[in-house]
Amino acid sequence: MDACCGPSEPTGREEHEEVPPWWRDRALALPVVSGLLWVTGLILGWAGQQAPALIVFAVGLAAGAWTFVPGTIKRLVTAKGRGRLGVGLLMTIAAIGAVLLGHIGEAAALAFLFSIAETLEDRAMDRAQQGLRALLSLIPETARVARRGGEQMIPAADVRVLDVLIVGAGERVATDGVVTSGRSWVDTSAITGESIPVDVGPGDEMLAGSVNGSGTLNIEATADGRDNSLTKIVHLVEQAHATKGERARMADRIARPLVPLVLIAAALIVAFGFLVGDPSTWTERALVVLVAASPCALAIAVPVTVISAIGSASKFGVVIKSGAAFEQLGTIGRVAFDKTGTLTRNEPRVVTTHTSGEHTETDVLGLAAALEATSSHPLAEAITAAAPNRPEATDVRELPGHGLSGVVDGRRVRVGSPRWIDPQSLTGSATELSGQGMSLIVVEVEDQVIGVIGIRDELRPEAAEAILALRELGLSTVMLTGDNTRTAHAIAARAGIDEVHAEQLPEDKAEHIRHSTQQVPTAMIGDGINDAPALASATVGIAMGVTGSAAAVESADVAFTGSDLRLIPDALAHAKRGRAIMTSNIALALAIIVVLFPLALFGVLGLAAVVLVHEVAEVIVILNGVRASRSKRRAHPVHPMDARTSSSTDSVNVSA
C-alpha cells in the first residue's frame with residue numbers, strides 16, 4: 001500500500017502464497033538486475049568506456065523503472081484527485097528530467113534504489129501478513145467422517161454441522177465440535193497460546209486446529225469447515241489491514257498533501273531559474289528537490305509497523321481488529337475488568353463446609369446433593385460435583401428464589417439460602433463465609449440446621465500475577481460486576497484490584513467506562529453479553545475468548561483466543577513498544593525530508609547522493625517497523641491446579 005498516494009501495483013504474489021526466500025523471489029529480479037547494471041556502468045565509466053557505460057546505464061534504468069513507471073502511468077489515467085499523485089510520480093518525473101539533462105547514470109541510480117526499496121517494502125508487508133495466513137495451515141486439508149456406509153475422507157472445507165469427525169492420535173481437528181466419545185488430551189497452544197495440554201472427554205468442546213494426543217476421538221461438528229473459530233481469527237485480524245490508526249492517519253495527513261506541494265515547489269524552482277537566467281542549474285535542482293522531499297519513508301512508516309505488530313500478537317493469542325485499536329492499546333492507562341468469567345472461572349465450587357458438630361462434612365454435602373441433583377440452579381452443579389456418592393431423595397419440591405425440600409432416608413430435609421433458612425447456631429460461620437465472598441447454602445434436617453456450605457466462583461490462579469504485572473507497567477485497575485458488594489470486594493482483595501464497583505447493571509458499567517475514558521484511556525475486559533455496552537464504550541474493548549459471547553466479540557476491538565489473564569500485560573507492553581517504534585519512524589521520515597530539502601535546493605547534494613540517502617532511510621524505516629514483530633512475552637509459571645482442574649472448562653470458554 002502506497003499509504004500517501006493510493007494502492008501500489010500488485011507484487012505478483014497471490015494473496016495466500018508463501019513469501020519465498022529472497023534469492024528465489026521473482027519480484028527482486030528486476031531491481032537486482034538494475035543494480036548490477038548500474039554498478040557495471042560505473043565501472044565502465046571509471047575505465048573510460050563512456051559509450052558502453054551509457055548503454056548499460058540505459059538498460060539498468062529501464063529495468064528499474066519497469067517496476068514503478070507503468071503503475072504510475074496507470075494511476076494517472078485511472079485514479080481520481082490526489083490518488084493520482086504518488087511518490088512514484090515524483091520519481092518518474094525526476095528520472096525523466098535527469099535523462100533530458102543528460103544525467104543517465106543518476107537516473108539509473110534513482111530507478112535502482114527506488115525499485116529495490118519498494119520491493120523490500122512489499123516483502124516486509126507480505127512477511128508480516130504471512131504469520132496471519134499461516135493460521136489457516138493449522139486446519140488439515142482432509143477430515144475423516146463417519147457416514148452410514150462407513151468412514152469417509154472428505155475435504156475439510158466440506159465438513160458440515162452435525163458431521164461426526166473421527167480424529168486419531170496426532171491428527172488436527174478440522175472444525176469446531178463437541179466430543180461424543182473417546183478420551184484423550186489435546187494441544188491448543190497454536191490457537192489459544194496456552195502451553196498446557198487439555199484433557200478432553202465426552203461433552204467437551206474442541207477448537208479447529210487443535211492437535212489430538214494419544215487417543216481417538218469422535219467429535220460432532222458444531223461449525224462448518226469454512227466457518228469456524230480459526231477462520232474467524234484470520235477474518236478478524238485481516239480487518240486490521242483496512243483500518244488505520246490515529247498515527248497512520250497522521251502520517252497520511254502529512255504525506256498526502258506533501259506530494260502536490262513538492263510538485264508545486266519544483267515548478268517554482270524551475271520558474272526561478274528562468275527569472276535569474278540559469279534555467280539548467282535550477283531545473284536540475286528542482287529534480288533533486290522532487291526526490292529529496294518525496295514522502296516515501298513517511299508513507300510506510302506506520303503500516304509496516306502496525307501489520308508486523310498485529311501479526312506477531314496473533315501468534316500468542318491476541319487478535320487485534322484494526323490499526324486504530326493497536327495504537328490505542330498502546331495508550332492505555334487504566335484497565336477495567338468484569339468479574340465473572342474474566343477474573344473468575346465462572347465455575348462455582350464448594351470451598352468449605354461448616355457443620356454443627358453432630359454430622360460430618362460428607363453427611364452435609366450428601367444430603368444437600370440428594371436434593372440439588374434435581375435442580376437446574378447454577379449452584380446445584382457445584383454441590384453435586386462435591387458429593388458424587390449421595391443418597392436418593394424423594395418428594396423433592398423447589399421453591400424458586402428460596403431452595404428445595406424433600407425426604408432423604410425418611411427424614412425431612414431442606415436446603416436453601418440464609419434468607420429462607422435461619423442458620424441458627426451456625427450464624428457466626430455463615431457471616432464469616434459471606435464476608436469471604438462466598439454464596440451460602442444452609443442444610444436443615446427435621447427443623448435443625450446441620451451445616452452451612454460455602455460456594456464461590458474461584459479466582460483464576462494467574463489473576464493476581466496479571467494484576468501485579470499491570471501495576472508494574474504503571475496501570476491502575478478497576479473491577480465492575482453485577483455481584484454483591486461483599487463478594488466483589490473479597491475477590492478484588494485477593495486479586496489486588498485497586499478499585500471496585502459492585503451491583504452494576506450493564507448500563508451502569510457502560511456509564512462508568514465512559515466517565516473513566518474522559519479521564520484516562522481505559523481498556524475494558526469482559527466476555528459476556530452484559531459486557532457489550534461497556535466494551536463498546538471503552539477506549540479499547542477486549543473480549544476474553546472470541547467465540548464466547550458474539551455480542552461481546554462484535555463490540556470489542558481486541559479479542560484474546562485464550563483465557564490466561566497474563567496475556568493482558570503482555571499485549572499492552574507489546575502495543576506500547578509498537579507505538580514507540582511508530583513514533584520513531586515518523587520522526588525519522590520527517591527529519592530526512594527536513595534535512596535533505598535545503599541541501600538539495602542549494603545544490604549541496606546532487607541527485608545521486610539524495611537518492612542514496614533517501615532510499616537508505618526508507619530501508620531503515622522498514623527494518624525498524626519490522627522490529628515490532630518481535631513480541632517479548634514474560635515467562636509464565638505453570639499453575640498445577642489450573643492445569644488439572646480447569647482444562648475441561650477452559651476448553652469450553654477459550655475460543656478463537
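For reference, positions follow the sequence shown, starting with 1.
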Considering all heavy atoms of both residues, which atom of [X] and which atom of [Y] are nearest to each other, and what is their separation?
X	Y	answer
Gly454	Leu440	CA-CD2, 4.3 Å
Ala538	Thr522	CB-O, 3.6 Å
Ala571	Phe560	CB-CZ, 4.1 Å
Ser405	Arg414	CB-CG, 3.9 Å
Ala223	Thr175	O-OG1, 3.0 Å
Glu446	Gly410	OE2-O, 4.2 Å

Has the side chain of [X] got a donor or acceptor atom that lies under 3.5 Å from a matching backbone atom of [Y]?
X	Y	answer
His574	Ala309	yes
Asn212	Gly215	yes
Thr384	Ala380	yes
Thr517	Ile513	yes
Arg390	Ala370	no
Arg172	Ala208	no
Thr485	Ala502	no

Step by step, would you call Arg349 with Ile455 a side chain to side chain contact (heavy atoms under 4.5 Å, CB included)?
CA-CA 5 Å; Arg349 297 177 181 174; Ile455 301 173; 5.8 Å; no
So His512 and His501, would you call those rings parallel, tilted or perpendicular, with 30° and 60° as cut-offs?
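The arrangement is tilted - the two ring planes meet at 30° to 60°.
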So do the side chains of [X] and [Y] get within less than 4.5 Å of each other, counting heavy atoms only?
X	Y	value
Leu572	Leu470	yes
Asp564	Glu462	yes
Ile421	Val449	yes

Is the number of heavy atoms from other residues, nucleotides or ligands under 6.0 Å of [X] [atom1] greater than 12?
X	atom1	result
Asn389	CG	no
Arg397	CZ	no
Gln519	CD	yes
Arg226	CZ	no

Which is it for Val443 and Val452 under the side chain to side chain contact (heavy atoms under 4.5 Å, CB included) test, yes or no, and what are the steps along the way?
CA-CA 6 Å; Val443 182; Val452 176; over 6 Å; no
Lys/Arg-Asp/Glu bridge criterion (N-O < 4.0 Å) met for Asp498, Arg471
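So Asp498 pairs with Arg471 through a salt bridge.
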Between the side chains of Glu151 and Arg144, is the shortest nitrogen-to-carboxylate-oxygen separation below 4.0 Å, so that they form an ion pair?
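Looking at Glu151 together with Arg144, the answer is yes, because their closest N to O distance falls below 4.0 Å.
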Verify the distance criterion only: is there a donor paired with an acceptor across the side chains of [X] and [Y] at less than 3.5 Å?
X	Y	value
Arg579	Thr331	no
Asp176	Thr222	no
Asn218	Thr180	no
Arg334	Thr477	no

Test side chain to side chain contact (heavy atoms under 4.5 Å, CB included) on Leu365 and Val350; report intermediate values, then the result.
CA-CA 9 Å; Leu365 287 171; Val350 172; 4.2 Å; yes
Just how far is it from atom CG of Asp363 to atom OG1 of Thr355, taken to the nearest 0.5 Å?
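Taking CG in Asp363 and OG1 in Thr355, the distance rounds to 9.0 Å.
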As a quick check of understanding, evaluate salt bridge (Lys or Arg N to Asp or Glu O under 4.0 Å) for Arg147 and Asp163, giving each step before the final call.
CA-CA 8 Å; Arg147 296 286 167 84; Asp163 278 347; 3.4 Å; yes
Would Asp395 and Arg412 satisfy salt bridge (Lys or Arg N to Asp or Glu O under 4.0 Å), going step by step from the backbone distance to the final call?
CA-CA 10 Å; Asp395 195 24; Arg412 189 162 51 87; over 6 Å; no
Can Asp224 and Val159 be said to form a side chain to side chain contact (heavy atoms under 4.5 Å, CB included), step by step?
CA-CA 6 Å; Asp224 290 344; Val159 173; over 6 Å; no
